[in-house]
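Below: the structure, in structure tokens.
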Amino acid sequence: MSETSSERDQVRLAKLDELRSAGIDPYPPRLDSPRSHQAAEAVSAFELAEARPSGDPVQVSLAGRMVSRRIMGKVGFAHIEDGSARLQIFVRRDVVGEQTYDLLFKKLLDLGDFIAVSGVMARTKTGEISCEARQMQLLAKSLEPMPDKWHGLKDVETRYRRRYVDLMVNPDVRATFVTRARMVQAIREYLDGQGFVEVETPVLQPIYGGAAARPFTTYHNQLKQDLYLRISFELYLKRLLVGGLERVYEIGRDFRNEGVSFKHNPEFTQLEWYEAYADYNVVMDRVEAMLAHVAQRLTGGTVISYQGHEIDLAPPWRRITLRDAIIEYADIDYTQFPTAEELANAMRAMGHRPENTSNRGKLIDSLLGNHVEPNLIQPTFVTEYPIEISPLAKKKAGDPTTVERFEYFIAGMEMGNAFTELNDPLDQRARMEWMQQLYGADDEERHPVDEDYLLAMSYGMPPNGGFGTGVDRLAMLFCDKSSIRDVLLFPHLRSLERDEADGE
RNA sequence: GGGCCGCUAGCUCAAUGGUAGAGCAAGGGACUUUUAAUCCCUAGGUUCAGAGUUCGAGCCUCUGGCGGCUCACCA
């Protein structure tokens with residue numbers, strides 16, 4: 001599949017040859033002088049020494065990618081960039097010698113090459129702290145040109161397809177993924193501190209469940225078994241409560257075979273936890289506390305800025321019932337319309353265009369998604385959900401149509417879902433069987449009945465509160481990104497079609 | 001899936017339907033404190049693909065590909 005070599009490819013390959021004939025390994029296995037400092041460390045070491053009257057020279061050995069170069073005859077400057085910072089190096093021919101200066105630095109190095117530099121830290125005439133090179137070693141030759149040093153890489157598609165290039169030239173992108181990592185770390189810190197145990201449950205599941213979603217299917221050849229990539233962890237984690245683990249959580253990948261959008265990727269990271277002897281009120285308290293903790297860790301405060309909105313994560317958050325929220329934002333009191341048909345008619349009378357469904361819960365959910373959700377900028381818990389769309393949640397005492405469930409919303413996005421978990425095995429079986437009727441056989445969100453889950457529950461499951469949230473959406477929030485693709489290192493994209501005439 | 005927008009040199013971008021250009025990057029040269037270094041010279045293109053209209057298409061039309069935004073659907 002290699003194309004006709006362009007001139008620029010030829011030039012780079014010729015440089016490889018020239019390096020080798022000069023006895024220079026373009027890909028040496030290690031540094032001649034082991035790295036002593038990261039760039040940022042070298043700068044602080046110099047600043048420290050500079051502040052002392054009799055500061056000794058600061059000797060350093062650095063390594064990084066050469067990202068700019070300015071040659072002025074027999075002296076030249078370059079910037080190298082490592083994981084900590086960008087640092088200028090100053091190279092003089094009469095210091096490093098002709099072979100290093102003329103052949104290597106001036107002629108055979110390219111922007112993008114990894115190099116090691118040993119020398120002394122100094123301040124240049126213009127005041128920039130730099131490393132004056134005594135020795136220089138090529139560490140890895142780059143064969144592809146770097147993007148424009150000033151404009152960087154802007155093309156969105158290329159940024160996603162070649163994230164490594166995006167990362168090397170756009171510092172904000174690296175910062176985003178560091179922030180994401182710190183966010184996940186802070187989540188674990190909170191939960192671990194609360195006595196939760198982190199566990200891992202199967203990604204490959206013979207029966208999927210725990211969410212209303214369409215799964216990916218796969219197949220185990222030797223076992224001759226159909227398997228599904230999990231759409232949630234829920235049913236496995238709750239089995240652990242049966243087994244006596246009282247507080248469990250999992251952070252991992254879910255897979256849903258649905259549309260992709262700025263907030264949906266086919267695989268995404270989910271956090272779920274389950275806590276014995278807690279109900280959904282306890283869960284709400286925890287969600288507030290956890291996200292306030294994360295915000296503190298990342299920003300030192302609880303107010304974050306998201307797409308121009310100031311969002312305050314400090315507890316307590318607004319709590320509103322689903323019924324009141326829909327009355328407030330859509331002006332419909334769904335309790336006045338006890339059947340799907342009546343509710344759909346009422347919605348039509350209000351100018352909405354509800355889909356044809358006999359599932360009243362789905363209609364209510366669409367009112368929530370279309371009319372309520374976009375308005376919930378500040379963190380908000382919406383509570384008390386219809387039973388038809390909540391097969392795993394416990395009924396509210398005295399109201400058989402409603403369950404103890406909440407979803408929480410921030411910045412107009414649904415961020416997560418929780419309930420007082422249903423632990424009555426007979427009720428659970430009835431609810432699952434009811435779902436079979438409620439969702440037609442052609443409904444792609446219809447769930448199979450998980451007999452082993454029912455068996456587990458029959459052994460006795462403590463009352464508990466469970467919670468699930470999209471880690472990527474939290475990352476969008478804390479990284480101030482409007483698209484999930486900007487917080488995924490390698491977002492899913494269609495494959496590029498290869499030109500078949502392009503030769504193998 | 002629908003609608004709108006985009007795709008031109010390695011990168012960032014130009015180009016009334018009339019010879020495809022610039023800056024950076026690259027190659028050659030000058031330059032011993034520059035920093036978007038500067039100066040001189042050079043090379044670099046199937047304008048996403050295909051078809052059509054036209055004397056002539058990067059530009060107009062159609063089909064397809066990929067992407068972005070958005071609507072629908074969903075967690």
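Each chain gets a letter, A, B and so on, in the order its sequence line appears, and its residues count up from 1.
In terms of phosphate contacts, A:R69 brings a side-chain nitrogen or oxygen within less than 4.0 Å of OP1 or OP2 of B:A26. Taking 4.0 angstrom as the limit, A:R70 places a side-chain polar atom (N or O) nearer than this to OP1 or OP2 of B:A37.
Rounding to whole angstrom units, CG of residue A:L367 and C1' of B:C74 are separated by 16 Å. The distance between atom CG of A:D9 and atom P of B:G27, rounded to the nearest whole Å, is 13 Å. Summarising the geometry, the separation between CZ on A:F77 and C1' on B:C31 is reported as 12 Å, rounded to the nearest angstrom. Taking atom CD1 of A:I89 as the reference point, atom C1' of B:U32 lies 16 Å away to the nearest angstrom. Protein atom CZ of A:F90 is 13 Å distant from nucleotide atom C1' of B:C31, rounded to whole Å. Computed from coordinates, the A:I389 CD1 to B:C74 C1' distance equals 12 Å when rounded to whole Å. Straight-line distance from the CG atom of A:D166 to the P atom of B:U12: 11 Å, rounded to whole Å. If you measure from atom NZ of A:K263 to atom C1' of B:A72, you get 13 Å, rounded to the nearest angstrom.
There is no side-chain donor-acceptor pair under 3.5 Å between A:Y236 and A:E234. Between the side chains of A:D486 and A:Y160, at least one donor N or O lies within less than 3.5 Å of an accepting N or O. Checked by atom type, the side-chain pair A:R405/A:S390 shows a donor-acceptor distance below 3.5 Å.
For the pair A:R286 and A:E275, the salt-bridge criterion is met [side-chain N within less than 4.0 Å of a carboxylate O]. Salt-bridge check for A:R348 with A:E341: failed, with every basic side-chain N at 4.0 Å or more from each acidic carboxylate O. The existence of a salt bridge linking A:R253 and A:D472 is excluded, since no basic side-chain nitrogen approaches an acidic carboxylate oxygen closer than 4.0 Å.
Stacking between A:F262 and B:G68 is absent: the ring centroid is not both under 5.5 Å from the six-membered base ring centre and under 30° in plane angle.
Side chain of A:R92, nearest nucleotide from B:U32, B:A37, B:A75: B:U32. Here the nucleotide nearest the side chain of A:K362, chosen from B:U32, B:C74, B:A75, is B:C74. Candidate nucleotides B:G27, B:U34, B:C66 were compared by shortest atom distance to the side chain of A:R494, and B:C66 ranks first. Relative to the side chain of A:D94, the nucleotides B:A75, B:U32, B:U33 differ in distance, and B:U32 lies closest.
By the 6.0 Å and 45° rule, A:R163 does not stack over the aromatic ring of A:F490.
With a cut-off of 3.5 Å on both pairing distances, B:G17 has no Watson-Crick or G-U wobble partner at all. As the counterpart of B:C24, B:G10 is assigned, both hydrogen-bonding distances of the Watson-Crick or G-U wobble pattern falling under 3.5 Å. Nucleotide B:U53: unpaired (no Watson-Crick or G-U wobble partner with both distances less than 3.5 Å). Checking B:U33 for Watson-Crick or G-U wobble geometry (two distances, each under 3.5 Å) identifies no partner in any strand. Judged by Watson-Crick or G-U wobble contacts below 3.5 Å, the nucleotide B:C4 has B:G68 as its partner.
For the C1' atoms, the distance from B:G52 to B:C59 is 15 Å, rounded to whole Å. A distance of about 33 Å separates the C1' atoms of B:C66 and B:G27, rounded to the whole Å. B:A57 sits 10 Å from B:G18 when the C1' atoms are compared, rounded to a whole Å. Here, B:A36 and B:A25 have their C1' atoms 12 Å apart, quoted to the whole Å. Comparing the C1' positions of B:G58 and B:A20 gives an interatomic distance of 8 Å, to the nearest angstrom. Remark: the separation of the C1' atoms in B:G3 and B:A75 is 25 Å, to the nearest Å. For B:A15 and B:U8, the C1' atoms lie 10 Å apart once the distance is rounded to whole Å. Only the C1' atoms considered, B:U12 is 36 Å distant from B:C55, to the nearest whole Å.
Sorted by residue number, the members of residues 147-160 of chain A with any non-hydrogen atom under 4.0 Å from RNA chain B read A:P147, A:D148, A:K149, A:W150, A:H151, A:G152, A:L153, A:K154, A:D155, A:V156, A:E157, A:Y160. Looking at residues 97-120 of chain A, you'll see A:K107, A:D110, A:L111 sit with a heavy atom under 4.0 Å from some atom of RNA chain B.
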#### Entry: Criterion salt bridge (Lys or Arg N to Asp or Glu O under 4.0 Å) on A:E81 and A:R174, from CA distance to verdict
CA-CA 13 Å; A:E81 189 171 284; A:R174 286 201 296 265; 3.0 Å; yes

### Task
Could you check A:T469 against A:Q270 for side chain to side chain donor-acceptor pair (under 3.5 Å), going step by step and ending with a plain yes or no?
CA-CA 6 Å; A:T469 194; A:Q270 181 87 347; over 6 Å; no

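Contacts of A:N257 with the nucleic acid, taken as non-hydrogen atoms under 4.0 Å apart, are absent. Across all strands, A:R161 comes closer than 4.0 Å only to sugar-phosphate atoms, never to a base (heavy-atom distances). Counting any heavy atom pair closer than 4.0 Å across all strands shown, A:L493 reaches sugar-phosphate atoms only and no base atom. As judged by a 4.0 angstrom heavy-atom cut-off over every strand, A:R485 is placed among residues touching the sugar-phosphate backbone only.
Residue pairs meeting the salt bridge (Lys or Arg N to Asp or Glu O under 4.0 Å) criterion with at least one member in residues 110-123 of chain A, sequence neighbours excluded, are A:R12-A:D110, A:K15-A:D110, A:E50-A:R123, A:D110-A:K141, A:D113-A:K141.
Residue whose closest nucleotide on RNA chain B sits further toward the 5' end, between A:G470 and A:K74: A:K74. Where A:E373 and A:T124 meet RNA chain B, the nucleotide closest to each residue was compared, and A:T124 sits on the side nearer the 5' end.
Between A:E272 and A:S232, the shortest heavy-atom contact is OE2-CB, 3.5 Å.
At a cut-off of 3.5 angstrom, counting only N and O atoms as typed in the model, there is a donor on one side and an acceptor on the other between the side-chain of A:Q88 and the base of B:U34.
Taking the six-membered ring where tryptophan is involved, the planes of A:F381 and A:F406 are perpendicular, since the angle between them exceeds 60° and thus also 30°.
Here A:T217 contributes atom OG1 and A:N257 contributes atom CG; the two are 7.5 Å apart, rounded to the nearest 0.5 Å.
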